[in-house]
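Notes for the one structure printed next.
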Amino acid sequence: MTLSSTTLAFGTAAGSLLVAALVGAITVTVAILGYRHTRRLYAWMKIKQLVEDNAKDLASVTSRLEEIVDKLCEYAQKPCKPEDFTPLRKYRNLISNFALQLEMIRPELNEVVKQFDVYLAKPVLAPAGETLTPPQLEEAQERAMEQEHARGQLDTAVSAAQQKIRALQRVQPGTGN
């Protein structure tokens, strides 16, 4: 029994080789597309998590800045003694910690801390006696005006930080907003 010279082996016809090559190419294409999709999905999830974490941090800073504004309103046009500044020192330290953690609003928060330091350095010192001599009264009034100016500067720095936070909350990367 002689074999024909045209048949090489079982299953090696041109059609079955073509089908095998196409199946292999499709498998590789699906694997590449699946990998790219997974990579994009992971990157999107990472951005989404970062946005959510930043939103929580910004909300925390916003609430502290609102508390500071409330305190500053209490102290407006009222000379404050050193003991009146005790609650403000806590806020100064909190904002300083936030400035170290939040890179996106660090300059604004550092400005708030700087203005806090200026304001906290301007307490009106109460004289020992009840009646004030004209030079003591003039000095006390000058100190009170310096303190009020420092309070205004601190209020301006807090407002600038709040505006930056609102701008950041409006434009969140990766959310489509």
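Residues take their numbers from the sequence shown, with the count starting at 1. Computation of the quantities below employed the complete heavy-atom set of this structure, encompassing side-chain atoms and omitting hydrogens, waters and symmetry-equivalent molecules. No experiment lies behind these values; they were computed from the predicted model shown.
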I need the [X] [atom1] to [Y] [atom2] distance, nearest 0.5 Å.
X      : Y      : atom1 : atom2 : value
Lys122 : Glu148 : NZ    : CD    : 13.0 Å
Leu109 : Leu65  : CG    : CG    : 6.5 Å
Leu41  : Met45  : CG    : CE    : 6.0 Å
Leu168 : Asn54  : CG    : CG    : 8.5 Å
Lys90  : Lys71  : NZ    : NZ    : 8.5 Å
Ile68  : Asp155 : CD1   : CG    : 10.5 Å

Tyr91 vs Leu88, side chain to side chain contact (heavy atoms under 4.5 Å, CB included): CA-CA, chis, key distance, verdict: CA-CA 5 Å; Tyr91 291 119; Leu88 290 179; 4.3 Å; yes

CA sep, side-chain torsions, deciding dist, call: Thr62, Arg166, side chain to side chain contact (heavy atoms under 4.5 Å, CB included): CA-CA 9 Å; Thr62 300; Arg166 280 193 292 275; over 6 Å; no

Heavy atoms from other residues, nucleotides or ligands near [atom1] of [X] exceed 12 (cutoff 6.0 Å):
X      : atom1 : value
Glu138 : CD    : no
Glu139 : CD    : no
Glu83  : CD    : yes

Shared hydrophobic cluster, Ile165 / Met104 (ILVMFWY, side-chain heavy atoms < 4.5 Å):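 Yes: a chain of side-chain contacts under 4.5 Å links Ile165 to Met104.
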
Same apolar cluster: Val118 and Val69, side chain cutoff 4.5 Å: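 Each belongs to a different hydrophobic cluster.
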
4.5 Å side-chain heavy-atom contact, Asn110 and Lys114: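 Of all side-chain heavy-atom pairs linking Lys114 with Asn110, none is under 4.5 Å.
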
Min side-chain heavy-atom separation Ile105-Leu58 under 4.5 Å: yes

Working for side chain to side chain contact (heavy atoms under 4.5 Å, CB included), residues Tyr119 and Gln115: CA-CA 6 Å; Tyr119 181 60; Gln115 294 301 328; over 6 Å; no

Check for a donor-acceptor pair, side chain of [X] on one end and backbone N or O of [Y] on the other, with a separation under 3.5 Å.
X      : Y      : result
Thr29  : Ala25  : yes
Ser63  : Ser60  : yes
Arg92  : Phe116 : no
Asp84  : Lys81  : yes
Glu111 : Ala157 : no
Arg143 : Pro123 : yes

Side chain to side chain contact (heavy atoms under 4.5 Å, CB included) between Val61 and Arg64, worked out: CA-CA 5 Å; Val61 172; Arg64 295 298 182 198; 5.7 Å; no

Least distance between heavy atoms, Val112 atom then Ala161 atom: CG2-CB, 4.1 Å

Any donor-acceptor N or O pair under 3.5 Å, side chains Gln49, Asp53: yes

